[in-house]
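The sequence lines fix the lettering, A, B, ..., with proteins before strands; numbering per chain opens at 1. Small disclaimer: the values here were computed from a predicted structure and weren't measured.
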There are 2 protein chains.
Amino acid sequence: MPYPKDHAEKSRGKILASAYKFFVWKGFDATSIDEIMQDCQMTRGAFYWHFQSKTQLYREAIVHAALQSRLAGDKPQDVSEQAWLGELLDAYLDKDTSAKTEWPCPLAFFVSDVTHREPDVRHAYTKAFSAMNAHIHGHANRYAECREGTVLAVTAMLIGAVAITRTIDDDLLRGRLLDACRELAAGQLGLE
Amino acid sequence: MPYPKDHAEKSRGKILASAYKFFVWKGFDATSIDEIMQDCQMTRGAFYWHFQSKTQLYREAIVHAALQSRLAGDKPQDVSEQAWLGELLDAYLDKDTSAKTEWPCPLAFFVSDVTHREPDVRHAYTKAFSAMNAHIHGHANRYAECREGTVLAVTAMLIGAVAITRTIDDDLLRGRLLDACRELAAGQLGLE
DNA sequence: GTCTATAGAAAGATAGAC
DNA sequence: GTCTATCTTTCTATAGAC
């Protein structure tokens, strides 16, 4: 047999990861299927064997990225709930790691991009947003009373902060913004 | 003379307003110069007499929209600072008015769209973001001590909330999100 | 599974008439 | 100032070979 049995799965993952990289870097519209496939050392023909359309790729990439979030993963046993949530918060608002991780948060990076996409893409975004809130709420509730509204407001601030950070061109302002949001978030989540 | 002397200025303003409407509705990339000009009952030729490029149009539209913000305007004399800021906050987070006003906030509507644009567009965005913070800070400082960081965090939350509201497809969740952000913002700005 | 070739549509920008 | 005509590029998606 010419192809190993996990070959298709590997190629698919490669396309997904490469596509996400380009979407983060250039945005959905400015990214062409050609450049994604060139990056994967394949051609357009292979793409349409794995995916039905560019939109489907986008939706799947968003879902996949949301699942890669450390927030969706397990807390190490030797770390307290508060310390863990604090660590995730710091990582989320760190302007160096946030953009350099392989799967940056799609909620922040694509927020006003997904607005204009097909309903199923927006639905995937909505699910991911709900999941982020549920995860934070789950952690926070293990050490203190925490209302859903508090989490929603904090999440909106975090997503807004990261999205704005990527957009503005003033590095000092970026730093002050992220610091301020970290402080308010920590306060609201009882991490001080 | 075939054209009244303010004709050029009127046409320009018409293009700007129409373009903004399309950018809000479909996003920058999905909006073509053709459809903007059709909406203005003119053709592409006229566009390139008024503007150098689609990017320049975008930048000017963002600057213009930021100046249209009620936050940039004057407070009515018969309203207290706190009441005024509270009113602006409510309007900003009202999901009906926020999208129906003629010049919705570019900071929220285009945040992850501007990320991938030319440096001068991002610079215009940065200026507008700073201006929004300065305006809020200015108001808040007239009735209480208010740190810059507090305003930055609140602004990020407001922008995030409006951007997310536009993107998610769950109307109940939208409502809870906006309510929660309104409450936290009011608390942070001393409006209770 | 992946390739090449191509159909088919659209958009940004320019040139020159009026 | 605005129009029409056109150049040029780019992109999604499909068809069929291997």
Whole-Å distance separating the [atom1] atom of [X] from the [atom2] atom of [N]:
X     : N      : atom1 : atom2 : answer
B:M37 : D:dG1  : CE    : C1'   : 10 Å
A:W49 : D:dA15 : CH2   : C1'   : 17 Å
B:I33 : C:dA11 : CD1   : C1'   : 8 Å
B:K26 : C:dA10 : NZ    : P     : 11 Å
B:Q52 : C:dT14 : CD    : P     : 8 Å
A:I15 : C:dT2  : CD1   : P     : 7 Å
B:R12 : D:dT2  : CZ    : P     : 12 Å
B:R44 : D:dA5  : CZ    : C1'   : 9 Å

Hey, quick one: are B:I136 and A:L173 part of the same hydrophobic cluster, counting side-chain heavy atoms closer than 4.5 Å, chains of contacts allowed? yes

side-chain N/O [X] vs [N] OP1/OP2, d < 4.0 Å:
X     : N      : answer
A:Y48 : D:dA13 : yes
B:S53 : C:dG12 : no
A:T43 : C:dC3  : yes

Hey, does A:S32 reach any base, or is it just sugar-phosphate, or nothing, if we go heavy atoms under 4.0 Å? sugar-phosphate

So what does A:T55 touch, heavy atoms closer than 4.0 Å: a base, only the sugar-phosphate, or nothing? nothing

Roughly how far, to the nearest 0.5 Å, is the CD atom of B:E81 from the OH atom of B:Y143? 8.0 Å

Say whether, by atom type as modelled, one donor and one acceptor occur between the side chain of A:T150 and the main chain of A:C146 under 3.5 angstrom. no

Please check: side-chain N/O of A:H123 versus main-chain N/O of A:P119, any donor-acceptor pairing under 3.5 Å? no

Is the charged tip of A:R12 near the ring of A:F51: under 6.0 Å from the six-membered ring centre and within 45° of its axis? yes

If you assign each of A:G45 and A:T31 to its closest nucleotide in DNA chain D, which residue comes earlier from the 5' end? A:T31

From the set D:dA13, C:dT2, C:dA13, return the single nucleotide nearest to any side-chain atom of A:K54. D:dA13

Nearest to the A:M42 side chain among C:dT2, D:dT2, C:dT4, which nucleotide is it? C:dT2

